[in-house]
Amino acid sequence: MPQAPARPRGGFARFLHRQHGSHRFRRLAWWGHAVGGASHRHAAAQVGGALRGAARLSPEAALAHWHSSTEGLSEAQAQRVRRRVGPNQVGTEKPLPWPLHLWQAYRSPFSLLLTALAAISWLTQDLRSAIVILAMVTLATGMRFVQERRSSHAADALKAMVSSQASVLRPGQTAQEAPMAQLVPGDVVQLSAGDMVPADARVLSAKDLFVNQAAMTGESLPVEKHARALETVTDPLAADNLVFMGTNVVSGSATVLVVATGSLTFFGALAGHAASTERVPTQFEAGINQVSRLLLRLMAVMVPLVLLFNGWGHGNWLEAFLFALSVAVGLTPEMLPMIVTSTLAKGAVAMARRQVIVKRLDAIQNLGAMDVLCTDKTGTLTQDHIALSHAIDAWGRPDDGPLRWAWLNSQHQTGLKNPMDRALLARGDLASACGGWTKLDEVPFDFQRRRMSVVLQPPAAEAAARLVCKGAVEEVLACCQAVVAREGQGETAQPLTPERLAEIRATAARLSAEGLRVVAVAWREAPPQAAYHVTDETALTLAGFVAFLDPPKDSTAPALQALAAHGVTIKVLTGDGDAVTRQVCQQVGLPVTGLLLGAQVAALDDTALQAAVQEANVFARLAPQDKERIVKALRAQGHVVGFMGDGINDAPALHAADVGISVDSGVDIAKEVADIILLEKSLLVLDAGVVEGRKTFANMLKYIKMAVSSNFGNVLSVLASSLLLPFLPMLPMHLLVQNLLYDFSQAAVPFDRVDADLLDRPQRWNPDELGRFMLTFGPISSVFDLATFALMWWGYGAQTVAQQTLFQSGWFVESLLTQTLVVHLIRSPRLPFIGSRAAPALLATTGALAVLALWLPQGPLAPWLKLQPLPASYFAVLPLLLLGYMAGVQWAKQHWVRRHGWQ
């Protein structure tokens, strides 16, 4: 069993853990093998009793035991049970009561340090410093509490927009969709391919039902389920008549009886176990932690030096200690959790306005960094409004025979109906022409065979039953040994010779080259038997083809151009044939630089595939595992990969991608695995989401760059002054007031504008560069701090302890103004205020900070803050210092951009 990851420590990490626990629980379906047998035994001890009893009962006895029927519970019965057992929900943590949440917002190491400093100031009779420090704690805690509360409510509202449904039976009604959370024990639910199993349930009837239950057992292969009762049951997870919440139906169909919901399910027990093991930090969280470690290392070096230099130089160790603690506080970006939280929440809300629902806030970082988007063809490049075009025989002549067989197949299948099925069933005139057929059995669709069959009894009772098969051309042809041929007014079956097979394939290829989706239809007489299986799909007679038209969306071509302009490469991954895929790509203006078929992908080892995916941008006739391997190969090449899909066959690739993207109309398993849900299946919507994600990410990086460079420069200045001056360059209270005001001015960073050229390329998180950035830009402010020291020392004669207030007032103003300027200088590589202008909110907060910096030494609060008015000549020299500082930073920016770029 792997070692459990460490509990996230920082306030931001704790927030993500608290806010996104549901994502961790739905990922259980992919790491079930990792939780090990111990977790399964623990779960079994909690919830196994009722399930073992259900597995031993017959379907009829199980229904009676749960006071239900084959038609399910009535709505009144369900409500009574729901009041008793509660909603069918696990994996979401209840919102913290506000007093506990307020405590969580306060108890960061930085707030505790500030509180300790306030207590020391109070004990040493420095009440003013204590008041300022407590004001800082109150501001940081209050802003963080409010922002986390708002973002939590916003995230809950966004999640509520995407809900999974279950097909529930009610007496006297057909199956109806209902939220999974409303299910109760005793409900009868219908399942089909692509469905998430909504609760622990007893199978009442099943047809070729295969379930992926890796969440529970770690088994990679789907497990077949049946309805028969079991005599002995030791491990419910091994019972083949039980299905479990959190698993998903791979193929087939079933009717099941819900026997356990919510926390009383196996999934609920595993979710509780997962809550104690925590999740592995994301790349973004790891980067935040790396920044924190960098600042802590810097603090561990600088603060002791400041303490020693001032203690030995000035002889007042208590004052030196308080000053060193103030430096530690000034070096710490205590507003980082609040800034990150509010930036992500604002980004998520803004993306929701663009029809993009973010299920995990930290997925915004990966969306902004995405440089490769893998997408399906159907419904993404095309309209997903498939229309029936025409039906032909195997030789390309118009023929309604294949159309009738295809309609019968779609009408009587019980599995997941795709858009082609719906297009066929829209032909109402065929209902009367094909009426009277009775279904005997079916062989459901799966993504390996790529075909499905129904066994039907013709209206004439004495006629032989027919097995009707439809599916992908090559897969159906592989089962055929004859082909329908017209002779006069009749039809005969002719052997499928190699010559005829080549001609038939050429017919299908011509249709595909026209951009049509082609389905082959075949049949055979079916001898009477109890059940039919895949092995019965043999010796078929090909009836012909049905062609469907799925035209490209009008928005596809401009969307592809927009994504390309934003540095995102498109790769098409589809299960359709190569000819129709090429045609669609040509229609939407996507050049095919290389094409690989599923068989070719399967034949390549991982190393060869990594090289192949770099060149090819179209992949056709793919199986689900092929899509997953392609995504992993792209990631292995250093790409940040997004995958957009909505089907059950897309689930493995959605999980493998850096950011999984699905749509609200997708199957349950695709929506559960995805990180981001589109309310509109459009690449234009996704492009807008990418841009919004990059804005959010860019604003977070702004704050981090501002914080590390400004704070490092101040500490360098403090260290230099500790060696040179006979008194403190600033009092501890001055440093704390500066920090308080500077933090307030940066609270508007999440609402700032982002330069358009910064949105044109993916943005990567590179915390290793922050150290170099800090060492480049931090010392520039120290140079001008030293210039201010020289001005106050020699220009105004502030060289003694008696004149230290004048010195401290001069540096207080200059330091606060350069900190204000650094917000505008570092927020963009362009010339501030001219080439790039901040948003009004940020202009307002930094403008207010500049006014306060100039007013505080001159105003009535100056004596209270131990400041004094500065001479008028100081304000004549100050603009020269500030202009020099701006010129220095601008020069350094240009040098940095040439060498490293700007992200």
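Starting from 1, each residue takes its place in the sequence as its number.
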For a quick test of your reading: what N or O donor-acceptor pairs under 3.5 Å do the side chains of residues 171-181 make, sequence neighbours left out?
residue, atom, partner, partner atom, Å
Q173, OE1, Q176, NE2, 2.2

Inset, instruction - Taking all non-hydrogen atoms of both residues into account, name the closest pair between L73 and W66 and its distance. - result: CD2-O, 4.4 Å
Legend entry - Pairwise side-chain contact, S58 with R228, heavy-atom cut-off 4.5 Å (strictly under): no
Inset, instruction - Starting at CD of E60, measure out to OG of S69 and round the result to the nearest 0.5 Å. - result: 12.0 Å
Legend entry - Minimum heavy-atom distance between R170 and S74, given as atom pair plus value: CD-C, 4.0 Å
Legend entry - Residues T607 and Q610: side-chain donor-acceptor under 3.5 angstrom: no
Inset, instruction - Would you indicate whether the side-chain heavy atoms of K627 and F619 approach each other to under 4.5 Å? - result: no
Inset, instruction - Could you go through the side chain to side chain contact (heavy atoms under 4.5 Å, CB included) check for Q77 and V81 one step at a time? - result: CA-CA 6 Å; Q77 289 175 305; V81 178; 5.5 Å; no
Legend entry - Heavy-atom pair of closest approach, residues R621 and E474: NH2-CB, 3.5 Å
Legend entry - Qualifying residue for side-chain contact (heavy atoms from CB on, under 4.5 Å) with T261, from V258, L264, V259: V258
Inset, instruction - Could you tell me whether the side chain of D658 and the main chain of V641 form a donor-acceptor pair under 3.5 Å? - result: yes
Inset, instruction - Answer yes or no: is there a side-chain heavy-atom contact under 4.5 Å between T232 and T234? - result: no
Legend entry - Inter-residue atom distance F445.CZ - R450.CZ, 0.5 Å rounding: 6.5 Å
Legend entry - Check: K207 side chain, G252 main-chain N or O, donor-acceptor pair, under 3.5 Å: no
Legend entry - Student check: side-chain heavy atoms of D441 and V454 closer than 4.5 Å: no
Inset, instruction - For residues P198 and L191, determine if any side-chain heavy atom of one lies less than 4.5 Å from a side-chain heavy atom of the other. - result: yes
Inset, instruction - Over all heavy atoms of both residues, which pair between L609 and I630 is shortest? Give the atoms and the distance, please. - result: CD2-N, 4.3 Å
Inset, instruction - Write out all pairs satisfying side chain to side chain donor-acceptor pair (under 3.5 Å) with one or both partners inside residues 523-534, taking only residues at least two apart or from two chains. - result: Q529-D536
Legend entry - Test item: side-chain donor near acceptor, D421 and S410, under 3.5 Å: yes
Inset, instruction - May I ask you to test the H412-L456 pair for a side-chain heavy-atom distance under 4.5 Å? - result: yes
Inset, instruction - Could you check if a side-chain atom of C479 sits within less than 4.5 angstrom of a side-chain atom of T538, using non-hydrogen atoms only? - result: no
Inset, instruction - Could you check if a side-chain atom of L183 sits within less than 4.5 angstrom of a side-chain atom of V189, using non-hydrogen atoms only? - result: yes
Inset, instruction - Output the distance between atom CG (N241) and atom CG (L209), rounded to the nearest 0.5 Å. - result: 11.5 Å
Inset, instruction - Can you measure from OG1 (T255) to CZ (R202) and round to the nearest 0.5 angstrom? - result: 12.5 Å
Legend entry - Main-chain N/O of R451 paired with R449 side-chain donor or acceptor, under 3.5 Å: yes
Legend entry - side chain to side chain contact (heavy atoms under 4.5 Å, CB included) between N366 and D675, worked out: CA-CA 10 Å; N366 282 336; D675 307 306; over 6 Å; no
Inset, instruction - Can you see which heavy atom on V197 is nearest to which on V243, and at what distance? - result: CG1-CG2, 3.8 Å
Inset, instruction - Determine whether more than 12 heavy atoms belonging to other residues, nucleotides or ligands lie under 6.0 Å from atom NE2 of H226. - result: yes
Legend entry - From L237, D200, T265, residue fulfilling side-chain contact (heavy atoms from CB on, under 4.5 Å) relative to L51: D200
Inset, instruction - Before giving the answer on side chain to side chain contact (heavy atoms under 4.5 Å, CB included), spell out for V188 and E71 the whole-Å C-alpha distance, their side-chain angles and the decisive distance to 0.1 Å. - result: CA-CA 7 Å; V188 176; E71 293 186 324; over 6 Å; no
Inset, instruction - Please determine which of D240, V256, L257 meets the side-chain contact (heavy atoms from CB on, under 4.5 Å) test together with V203. - result: V256
Inset, instruction - Would you please say whether a donor-acceptor pair under 3.5 Å links the side chains of S453 and E537? - result: yes
Legend entry - Atom pair CG (D646) and CG (L678), whose distance is rounded to the nearest 0.5 Å: 10.0 Å
Inset, instruction - Answer yes or no: are there more than 12 heavy-atom neighbours, outside K632 itself, under 6.0 Å from its atom NZ? - result: no
Inset, instruction - Any chance you could measure C374, atom SG, to L573, atom CG, to the nearest 0.5 Å? - result: 5.0 Å
Inset, instruction - Walk me through it: do E442 and M452 pass the test side chain to side chain contact (heavy atoms under 4.5 Å, CB included)? - result: CA-CA 8 Å; E442 74 175 287; M452 69 86 52; 3.6 Å; yes
Legend entry - Taking every non-hydrogen atom, the tightest pair across V211 and K225: CG2-CG, 4.0 Å
